[in-house]
Amino acid sequence: QVQLVESGGGLVQAGGSLRLSCAASGSIFRLNAMGWYRQAPGKQRDLVATITREAITNYADSVKGRFSISNDNAKNTVYLQMNSLKPEDTAVYYCKAIVTPGFLATPVDYWGQGTQVTVSS
């Protein structure tokens, strides 16, 4: 099993910044990629940003130029630096990890418990 522990959410005014962290631990043979998704009330869960082990990144159009994702492979940790936050960024942010649990094993998706980000206008 793999556990994901998220931190860094909170309440911030529009234009402010927050930094989210997500650390993976447990039965990890290879951590292939990590990412952040968000879900606002009454809406589906959407991709925010992802990063592969090789640091190849992908961003939702709505956050390009404002958010930055990075990783620390030695710590199995991913970060999301969120700048110029807007009220529409308010959501629960979920961390996702794609983990290969063993040699020649099939990769498995794991999710964190979510952390609330609230941006006030």
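Worth saying up front: this structure is predicted, and the values here are computed from it rather than measured.
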Q: Indicate yes or no: at least one non-hydrogen side-chain atom of Cys95 is less than 4.5 angstrom from one of Met34.
A: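 Yes, at least one pair of side-chain atoms sits under 4.5 Å.
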Q: Locate the shortest heavy-atom distance separating Tyr59 from Ala49; write the atom from each residue and the value.
A: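 So the minimum-distance heavy-atom pair works out to CD2-CB, 3.6 Å.
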Q: If we ignore hydrogens and angles and just use 3.5 Å, is the side chain of Glu6 paired with the main-chain N or O of Gly114 as donor and acceptor?
A: yes
Q: Determine the minimum heavy-atom distance between Ser121 and Ala14, stating which atoms define it.
A: CA-CB, 4.4 Å
Q: A side-chain contact here means heavy atoms from C-beta on lying under 4.5 Å apart; do Tyr79 and Cys22 qualify?
A: no
Q: Looking at every heavy atom in both Gly35 and Ile69, which two are closest together, and how far apart are they?
A: CA-CD1, 4.2 Å
Q: On a heavy-atom basis, which atom in Trp111 and which in Arg45 lie closest, and how many Å separate them?
A: CE3-NH1, 3.2 Å
Q: Take atom CD in Glu54; do more than 12 heavy atoms of anything else shown fall under 6.0 Å from it?
A: yes
Q: To the nearest 0.5 Å, how far apart are CG in Asn83 and CZ in Arg66?
A: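 If we round to the nearest 0.5 Å, Asn83:CG and Arg66:CZ are 9.0 Å apart.
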Q: May I ask whether Val78 and Leu18 are part of the same hydrophobic cluster, defined by side-chain heavy atoms of I, L, V, M, F, W, Y residues being less than 4.5 angstrom apart, directly or through others?
A: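 Yes: a chain of side-chain contacts under 4.5 Å links Val78 to Leu18.
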Q: Is there a donor-acceptor contact under 3.5 Å linking the side chains of Thr90 and Glu88?
A: no
Q: Nearest heavy-atom pair of Ile98 and Pro107: which atoms, and what distance?
A: CG2-CB, 3.9 Å
Q: Rounded to the nearest 0.5 Å, how far apart are CG of Leu20 and OG of Ser7?
A: 8.0 Å
Q: Can we say Asp89 and Lys86 salt-bridge, meaning some charged N sits less than 4.0 Å from an Asp/Glu carboxylate O?
A: no
Q: Which is it for Ser70 and Gln81 under the side chain to side chain contact (heavy atoms under 4.5 Å, CB included) test, yes or no, and what are the steps along the way?
A: CA-CA 8 Å; Ser70 60; Gln81 179 65 44; over 6 Å; no
Q: Examine Val117 and Leu4 and state if one hydrophobic cluster contains both, with Ile, Leu, Val, Met, Phe, Trp and Tyr joined whenever side-chain heavy atoms are less than 4.5 Å apart.
A: yes
Q: Just by distance, no angles: are the side chains of Asn32 and Thr100 close enough, under 3.5 Å, to form a donor-acceptor pair?
A: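 Indeed, the side chains of Asn32 and Thr100 share at least one donor-acceptor pair under 3.5 Å.
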Q: What I'd like to find out is whether the side chain of Val2 reaches to under 4.5 Å of the side chain of Ile28, using heavy atoms alone.
A: yes
Q: Any side-chain heavy atom of Gln3 sitting closer than 4.5 Å to one from Tyr110?
A: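 When only atoms from C-beta onward are counted, Tyr110 and Gln3 do not touch, as no gap falls below 4.5 Å.
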Q: If you round to the nearest 0.5 Å, how far is CG of Asn71 from CG of Leu31?
A: 8.0 Å
Q: Are Phe67 and Trp36 an aromatic pair by the rule of ring centers under 6.0 Å?
A: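 No.
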Q: Are Leu80 and Ile51 in one and the same hydrophobic cluster, where Ile, Leu, Val, Met, Phe, Trp and Tyr link if side-chain heavy atoms are under 4.5 Å apart?
A: yes
Q: Taking C-beta and beyond as the side chain, do Ser62 and Arg38 meet within less than 4.5 Å on heavy atoms?
A: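 Result yes, sub-4.5 Å side-chain heavy-atom pair found.
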Q: Quick one: does Asn58's side chain get under 4.5 Å of Leu47's, heavy atoms only?
A: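 Yes, their side chains come closer than 4.5 Å.
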Q: Taking C-beta and beyond as the side chain, do Thr50 and Thr57 meet within less than 4.5 Å on heavy atoms?
A: no
Q: Does any part of the side chain of Asp109, heavy atoms only, come nearer than 4.5 Å to the side chain of Lys96, both counted from C-beta?
A: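 Of all side-chain heavy-atom pairs linking Asp109 with Lys96, at least one is under 4.5 Å.
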